[in-house]
Visitor: 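Here it is: the structure, laid out below.
For ligands, and for the atoms within them, numbers begin at 1 and follow the listed sequence. Side-chain atoms are counted along with the backbone in the values below, which use heavy atoms only and exclude waters and symmetry mates.
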Amino acid sequence: MNENDRLTKTKENWAKARRGGEEREVFYEGDDRLPPGQHLVETWPVLDLGQKPDIPLAEWTLIVGGAVAAPLTWTWTDFLAQPQFTDISDFHCVTSWSRYDNQWEGVSFQHVTSVVQPHPSARFVLFKSYDDYTTNLPLSACLDDDVLLTYKWNGRPLTKEHGGPVRMIIPKRYAWKGAKWIKEITFSDHDEKGFWEVRGYSNTALPWKNDRYG
Ligand SMILES: Nc1nc2c(c(=O)[nH]1)N[C@H]1C(S)=C(S)[C@@H](COP(=O)(O)O)O[C@H]1N2
Ligand SMILES: [Mo]
């Protein structure tokens, strides 16, 4: 087992051990900015599977398909030609750190959805990354007005360690739901669990419900 597999295994066992054991009674209606069990950080830690794929912009593509009327493949130029969207939001990692006021710039998920036109049966979304990471969400969660594909953070290009060229941001879910190095987005009529979801992390990942492990 290499170091990355060992780290994954450790987290997986931890998730299993804590399944159902997490305090669930703490629930803020959303007026508390810091979710339960979180602490604030000023830095921006890096979390991944130990691989940081190098994707030259000339080779980067985003494929969006599945249960949609108009599947698409965007090159970097195509991506930049879309309506641009900026939003400031907080970032909550399941390992208990939160980082406030991150400014993201890119393309809103609502725009992507309007371009591909999902079939009425499409209720779930699966995200696949260049490091083979996957994660999943209900389509309704992705259609929130703060969800985007970002290529900038606080006015600067998103660095490779944080998922550049482009990553997903879903502010109201724990950060593992936001795929770095996004490669493919698949709409579906059924839910397919991603990398951490099959390893004991919560399928829903709601920070204000302390909803960490499945
Ligand atoms: N492609 C990919 N995306 C990923 C991950 C990963 O390993 N690969 N890790 C997830 C996890 S567990 C977290 S907490 C956040 C961390 O993002 P950051 O490294 O920019 O802080 O990215 C998420 N997205
Ligand atoms: Mo994470």
Side-chain angles (χ1 to χ4, degrees), residues 2-16 18 22 35 37-55 60-64 87-106 109 125-137 141-142 146-186 192-207 210-214:
N2 69 28
E3 198 48 45
N4 294 328
D5 293 341
R6 213 187 311 280
L7 193 63
T8 297
K9 200 72 203 157
T10 304
K11 287 186 179 173
E12 185 178 355
N13 289 340
W14 198 54
K16 273 193 196 137
R18 306 192 73 170
E22 197 73 6
Q38 296 292 109
H39 67 276
L40 264 189
V41 298
E42 300 287 330
T43 55
W44 187 10
V46 173
L47 284 96
D48 53 47
L49 303 176
Q51 277 185 58
K52 295 173 181 53
D54 206 0
I55 312 127
W60 181 86
T61 57
L62 174 71
I63 296 171
V64 188
D87 190 56
I88 296 175
S89 61
D90 301 342
F91 191 99
H92 308 292
C93 174
V94 73
T95 60
S96 90
W97 56 269
S98 293
R99 194 184 190 290
Y100 285 170
D101 293 323
N102 303 282
Q103 183 183 293
W104 310 110
E105 277 177 75
F109 194 85
V125 183
L126 183 68
F127 300 92
K128 290 185 193 159
S129 299
Y130 278 93
D131 62 345
D132 290 331
Y133 183 82
T134 53
T135 188
N136 59 300
L137 276 172
C142 303
D146 54 6
V147 175
L148 81 159
L149 292 76
T150 188
Y151 69 103
K152 280 191 186 176
W153 173 76
N154 290 357
R156 297 188 288 276
L158 188 68
T159 58
K160 182 169 84 170
E161 57 179 2
H162 286 299
V166 181
R167 77 174 295 164
M168 291 300 309
I169 292 292
I170 302 101
K172 295 192 191 79
R173 306 285 168 140
Y174 285 118
W176 87 77
K177 292 288 184 181
K180 311 206 288 190
W181 311 292
I182 185 72
K183 181 184 186 185
E184 204 172 330
I185 300 175
T186 308
E192 188 180 327
K193 289 185 175 180
F195 184 89
W196 286 119
E197 289 83 4
V198 300
R199 289 170 175 78
Y201 282 39
S202 163
N203 200 36
T204 39
L206 293 161
N210 213 0
D211 168 29
R212 299 166 194 267
Y213 307 108

Visitor: Quick one: look at F127 and ligand 1, take heavy-atom pairs under 4.0 Å, and tell me if it's side chain, backbone, both or neither.
Guide: neither
Visitor: Can you list the ligand 1 atoms lying under 4.0 Å from a non-hydrogen atom of R167?
Guide: 15 (C), 17 (O), 18 (P), 20 (O), 22 (O)
Visitor: If you count the atoms of ligand 1 from 1 in the order shown, which ones are under 4.0 Å from a heavy atom of W181?
Guide: 1 (N), 2 (C), 8 (N)
Visitor: Just heavy atoms, cut-off under 4.0 Å: does F91 contact ligand 1 by side chain, backbone, both, or neither?
Guide: side chain
Visitor: Does any N/O atom on W196 come nearer than 3.5 Å to any N/O atom on ligand 1?
Guide: no
Visitor: How close does the nearest protein non-hydrogen atom get to atom 6 (C) of ligand 1, and which residue and atom is it?
Guide: Y133 CD1, 3.5 Å
Visitor: Go through ligand 1 atom by atom and flag the ones less than 4.0 Å from a non-hydrogen atom of P45.
Guide: 18 (P), 19 (O), 21 (O)
Visitor: Determine whether the side chain, the backbone, both or neither of L49 has a heavy atom under 4.0 Å from any heavy atom of ligand 1.
Guide: both
Visitor: So which heavy atom in the protein is nearest atom 8 (N) of ligand 1, and how far is it from that ligand atom?
Guide: D131 OD2, 2.8 Å
Visitor: Please state which part of W44 comes within less than 4.0 Å of ligand 1, counting heavy atoms only: side chain, backbone, both or neither.
Guide: side chain
Visitor: Decide if atom CG of N154 counts as having more than 12 heavy atoms of other residues, nucleotides or ligands within a radius under 6.0 Å.
Guide: yes
Visitor: Does the side chain of S89 pick up a donor-acceptor pair with the side chain of D146 at under 3.5 Å?
Guide: no
Visitor: Give the numbers and elements of all ligand 1 atoms closer than 4.0 Å to a heavy atom of S129.
Guide: 1 (N)
Visitor: Could you tell me whether L47 and ligand 1 have an N or O pair separated by under 3.5 Å?
Guide: yes
Visitor: Near C93, which atoms of ligand 1 are under 4.0 Å from a heavy atom of that residue?
Guide: 14 (S)
Visitor: Report the nearest protein non-hydrogen atom to atom 4 (C) of ligand 1: residue, atom name, distance rounded to 0.1 Å.
Guide: K180 CG, 3.5 Å
Visitor: Name the one of E105, K152, R167 that satisfies side-chain contact (heavy atoms from CB on, under 4.5 Å) with L158?
Guide: R167
Visitor: Can you pull out the closest protein heavy atom to atom 12 (S) of ligand 1? Residue, atom name and distance to 0.1 Å, please.
Guide: W176 CB, 3.5 Å
Visitor: R212 and C93: which non-hydrogen atoms are nearest, and at how many Å?
Guide: NH1-O, 4.5 Å
Visitor: V46 to ligand 1: N or O pair under 3.5 Å?
Guide: no
Visitor: Within a distance under 4.0 Å of any heavy atom of D48, pick out the atoms of ligand 1 and give their elements.
Guide: 6 (C), 7 (O)
Visitor: Considering the heavy atoms of W97, write down every atom of ligand 1 situated less than 4.0 Å from one of them.
Guide: 21 (O)
